[in-house]
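Input: a single structure, listed below in structure tokens.
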Amino acid sequence: MNAPTKLRTRKCRICREPYMQLNSLKVTCGKFECQVAFGLKHAEKSQSARAKKERKETRKAKDAMKTPRDLIPEAQIVFNRFIRLRDADEPCISCGRIEVEYTIGGQWDCGHFMSVGAKPELRFEEKNAYKQCKKCNGGSKYARKSHTVAQEYEIRLRAKVGDELVDWLKGPHAPKHYSTDDLRAIKALYQSKCKELQQ
Ligand SMILES: [Zn+2]
Ligand SMILES: [Zn+2]
């Protein structure tokens with residue numbers, strides 16, 4: 001004797017009205033307009049899935065073509081974010097303020113002690129970068145001001161980490177050459193470090 005067919009009451013995917021489902025492929029109540037609407041919805045869905053897949057492939061291809069020039073700023077953004085998170089409870093390394101004004105770009109930056117321009121080999125050196133307020137990092141166009149900021153940075157850094165490290169930061173160092181793999185690894189490393197700190 002055959003087991004009785006199990007009939008289930010389901011809700012139509014389109015009009016939400018209950019219907020008896022005779023087989024699992026049937027997902028609408030069976031009204032013509034519901035069948036048409038479901039067919040359209042389904043087609044749209046698979047189209048957008050296809051488009052999504054294509055976008056992903058394009059992104060992958062674009063990423064594979066990136067040069068160190070493209071990847072350095074990407075890794076730098078993540079490294080800088082890590083420094084801000086690491087020093088979240090620290091004052092500005094230059095002016096020592098804890099409370100600073102809000103600006104359009106935010107309140108805090110990652111400030112490199114030896115600038116990236118002067119010592120590019122220290123651009124990803126954690127001991128060379130500290131949280132700095134926007135005002136100090138903004139490097140005013142007035143030479144006198146940025147000179148003062150740099151002096152204050154050095155005084156506070158010497159007090160914080162000691163002379164030996166500061167003297168080492170001042171160099172000289174061997175130049176660094178980053179491959180695209182190195183830069184991807186640096187970016188990934190700081191992404192995971194940021195994630196850890198945000199938890
Ligand atoms: Zn229906
Ligand atoms: Zn400051």
Side-chain angles (χ1 to χ4, degrees), residues 5-48 76-120 122-163 165-167 169-170 190 194 197-198:
T5 318
K6 226 177 171 183
L7 282 181
R8 294 203 296 164
T9 312
R10 304 292 300 267
K11 272 188 179 161
C12 171
R13 294 251 189 113
I14 303 299
C15 69
R16 311 303 304 162
E17 266 175 38
Y19 68 96
M20 284 297 195
Q21 190 183 41
L22 297 167
N23 74 63
S24 59
L25 294 173
K26 206 171 160 255
V27 293
T28 67
C29 63
K31 280 201 295 282
F32 179 70
E33 59 266 36
C34 288
Q35 285 183 34
V36 171
F38 180 77
L40 284 174
K41 216 170 143 182
H42 193 72
E44 250 170 48
K45 241 189 191 161
S46 65
Q47 202 177 23
S48 84
Q76 193 76 65
I77 286 171
V78 186
F79 172 88
N80 292 0
R81 189 192 310 144
F82 163 74
I83 296 296
R84 291 197 307 269
L85 287 168
R86 181 199 66 188
D87 293 355
D89 299 327
E90 300 286 322
C92 169
I93 190 72
S94 298
C95 67
R97 291 184 301 161
I98 292 190
E99 299 280 333
V100 301
E101 57 286 315
Y102 285 89
T103 68
I104 298 165
Q107 289 176 289
W108 302 102
D109 273 332
C110 160
H112 284 73
F113 171 59
M114 297 308 289
S115 74
V116 169
K119 298 245 180 272
L122 297 182
R123 62 161 66 246
F124 300 122
E125 172 54 61
E126 289 179 21
K127 295 184 177 82
N128 184 48
Y130 300 85
K131 190 176 88 171
Q132 194 176 38
C133 77
K134 284 269 174 196
K135 204 172 169 189
C136 288
N137 189 259
S140 128
K141 293 153 213 123
Y142 312 104
R144 188 189 296 270
K145 192 221 157 196
S146 46
H147 183 66
T148 316
V149 167
Q151 276 180 329
E152 285 172 339
Y153 197 144
E154 185 164 340
I155 291 167
R156 282 203 169 73
L157 192 58
R158 284 189 185 278
K160 188 183 168 87
V161 302
D163 291 333
L165 178 59
V166 174
D167 294 339
L169 289 171
K170 288 184 146 187
Y190 284 102
C194 284
L197 286 179
Q198 277 170 318

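The basis for the numbers below is simple: all heavy atoms, side chains too, and nothing from hydrogens, waters or symmetry mates. First listed ligand is number 1; within each ligand, the first listed atom is number 1. These figures come from a predicted structure and were not determined experimentally.
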- Can you find a heavy atom in the side chain of Cys15 that is under 4.5 Å from one in the side chain of Lys31? yes
- Proximal protein heteroatoms (N, O or S) of the Zn ion (ligand 1), under 2.8 Å: Cys12 SG, Cys15 SG, Cys29 SG, Cys34 SG
- List the atom of Cys29, the atom of Cys12, and the distance in Å for their closest heavy-atom pair. N-SG, 3.4 Å
- Message: With a 6.0 Å cut-off (strictly less than), is the heavy-atom count around CD of Glu99, excluding the residue itself, greater than 12?
- Response: no
- Message: Using a 6.0 Å cut-off, check whether atom CG of Asp163 has over 12 heavy atoms from anything other than its own residue.
- Response: yes
- With under 30° as parallel and over 60° as perpendicular, where do the rings of Tyr190 and Phe82 fit, or are they tilted in between? tilted
- Query: If we only count heavy atoms from C-beta on, is the Lys127 to Val161 side-chain gap below 4.5 Å?
  - Reply: no
- Task: Just the protein N/O/S atoms under 2.8 Å from the Zn ion (ligand 2), please, no waters.
- Result: Cys92 SG, Cys95 SG, Cys133 SG, Cys136 SG
- Can you establish whether the number of heavy atoms outside Lys11 located under 6.0 Å from its atom NZ is more than 12? no
- Set of salt bridge (Lys or Arg N to Asp or Glu O under 4.0 Å) partners for Glu90, sequence neighbours left out: Lys160
Result block: side-chain N/O donor-acceptor pairs under 3.5 angstrom for residues 37-45, not counting sequence neighbours:
none

